Amino acid sequence: MSEDEIRQEYEVLDRSRKKPEAFGVLYERYFERIFNYIYRQTDDEELTADLCSQTFLIVLKNVGKYEFRGVPVSAWFYKIASNEVNKHFRKIKSNKVFSLEQSRVRELIQQENNDFEEEQIQRLIDFMKDLPIEMLEVLELRFFEDKDFKEIAFILEITESGAKMRTYRALDRLRKNFNLKIKYDGKE
Amino acid sequence: MGRNEIRLREQLSTGNIQRHRDYRVLMKQHRKSKLFRQTVRFFLYSLVVTFIVLLLITLSFYVIQMKKNQEEQKMQERVRTS
């Protein structure tokens, strides 16, 4: 996302401070992405719908307090969504679920390794079950949501170097165990 | 460390997601919650103002009473000395 696009979105958000109806553009643009992001952590459609609507309500409620920090406004939406999901799981005293799209997993893994087989996918899933949750969160944002390190840092409230380090460590573990060729920056 | 729960699933269809997208409902909820917050704020402010007014009234009564007592004492002293 270019600097200009980030500014433009911020201006829309700024307008919605006085006129909440103006927020509709951002709602339409990001609803599906936020929905998918939450669904990936709940695996429950109705719960996701509730948390998603709660996320946008909180955005509208706090729109006056938002300060521009050079990241897209969507990062703020993701941050609120992430907090809402964590709050929900704390409330029900249960652990987060990571429900990953099969097609996306294949897409990521088969970027350079076409011989990947079902059994290996299953082994990978088993391996991911033992990864620290912080690493999974970073991997999810990096490879499923295509977020850059600055945004990841903002969403997870960590430093940018911390986000890079977590991603690097997670990928390093995956590479060591699976001989994968996913690149650190996620791009070919 | 407990094991994470990781599931593989098919991608949700856009149609399924669209079912939950409703900006009008969101705005309605927003207006409702804004009204609720404003009402609560108004109630709290009224409560604080009422408390301050009552405090001021009590304080002024107390001050008036004190002055009255002082004057009475002075009067009594004057009567005694005369």
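This structure is a prediction, so every number in the text was calculated from the model and none was measured. Naming: A, B, ... by sequence-line order, numbering from 1 per chain.
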**Q.** Proximal component of B:Ile17, with respect to chain A [non-hydrogen, under 4.5 Å]
**A.** both

Q. Picking from A:Leu136, A:Val97, A:Thr48, which has the most non-hydrogen pairs under 4.5 angstrom with chain B?
A. A:Val97

Q: Look up atom CZ in A:Phe35 and atom OG1 in B:Thr14, then write down how far apart they are to the nearest 0.5 Å.
A: 11.0 Å

Q. In Å and rounded to the nearest 0.5 Å, what is the NE2 to CD1 distance from B:His30 to A:Ile58?
A. 12.5 Å

(Q) With a 4.5 Å cut-off on side-chain heavy atoms, are A:Met128 and B:Asn4 touching? (A) no

**Q.** Interatomic spacing from CZ in A:Arg40 to CD1 in B:Ile6 - rounded to 0.5 Å
**A.** 12.5 Å

Q: Tell me, out of B:Gln11, B:Arg31, B:Arg19, B:His20, who's got the most heavy-atom pairs with chain A below 4.5 Å.
A: B:His20

Q: Counting only heavy atoms closer than 4.5 Å, note whether A:Lys96 contacts chain B via side chain, backbone, both or neither.
A: backbone

Q. Side chains of A:Gln102 and B:Glu10: closer than 4.5 Å at any heavy-atom pair?
A. yes

Q: Kindly state each residue pair satisfying salt bridge (Lys or Arg N to Asp or Glu O under 4.0 Å) with at least one member in residues 53-79 of chain B, sequence neighbours excluded.
A: none

Q: Taking all non-hydrogen atoms of both residues into account, name the closest pair between B:Arg21 and A:Glu32 and its distance.
A: NH2-OE1, 3.9 Å

Q. Where on A:Phe56 is there a heavy atom nearer than 4.5 Å to chain B: the side chain, the backbone, both, or neither?
A. both

Q) What's the shortest heavy-atom distance between B:Leu12 and A:Glu45, and which atoms? A) CD2-OE1, 3.9 Å

**Q.** Modelled atom types, side-chain donor and acceptor of A:Ser99 and B:Arg9, under 3.5 Å
**A.** yes

Q.
Testing the basics here: between A:Leu60 and B:Leu26, what is the closest heavy-atom pair and its distance to 0.1 Å?
A. CD1-CD2, 3.8 Å

Q | Pairwise distance CE(B:Met27) to CZ(A:Phe23) - rounded to 0.5 angstrom | A | 9.5 Å

Q. When rounded to the nearest 0.5 angstrom, what distance separates NZ in B:Lys34 from CG in A:Leu57?
A. 13.0 Å

Q. Can you tell if the side chain of A:Lys61 reaches within under 4.5 Å of the side chain of B:Arg37, non-hydrogen atoms only?
A. yes

Q: Kindly compute the distance separating CG (A:Asp43) from CG (B:Leu8), expressed to the nearest 0.5 Å.
A: 10.5 Å

Q. Taking the inter-plane angle between the rings of A:Tyr27 and B:Tyr23 on a 0 to 90° scale, is it parallel (under 30°), tilted (30 to 60°) or perpendicular (over 60°)?
A. tilted

Q: Write out all pairs satisfying salt bridge (Lys or Arg N to Asp or Glu O under 4.0 Å) with one or both partners inside residues 74-90 of chain A, taking only residues at least two apart or from two chains.
A: A:Glu84-A:Lys87

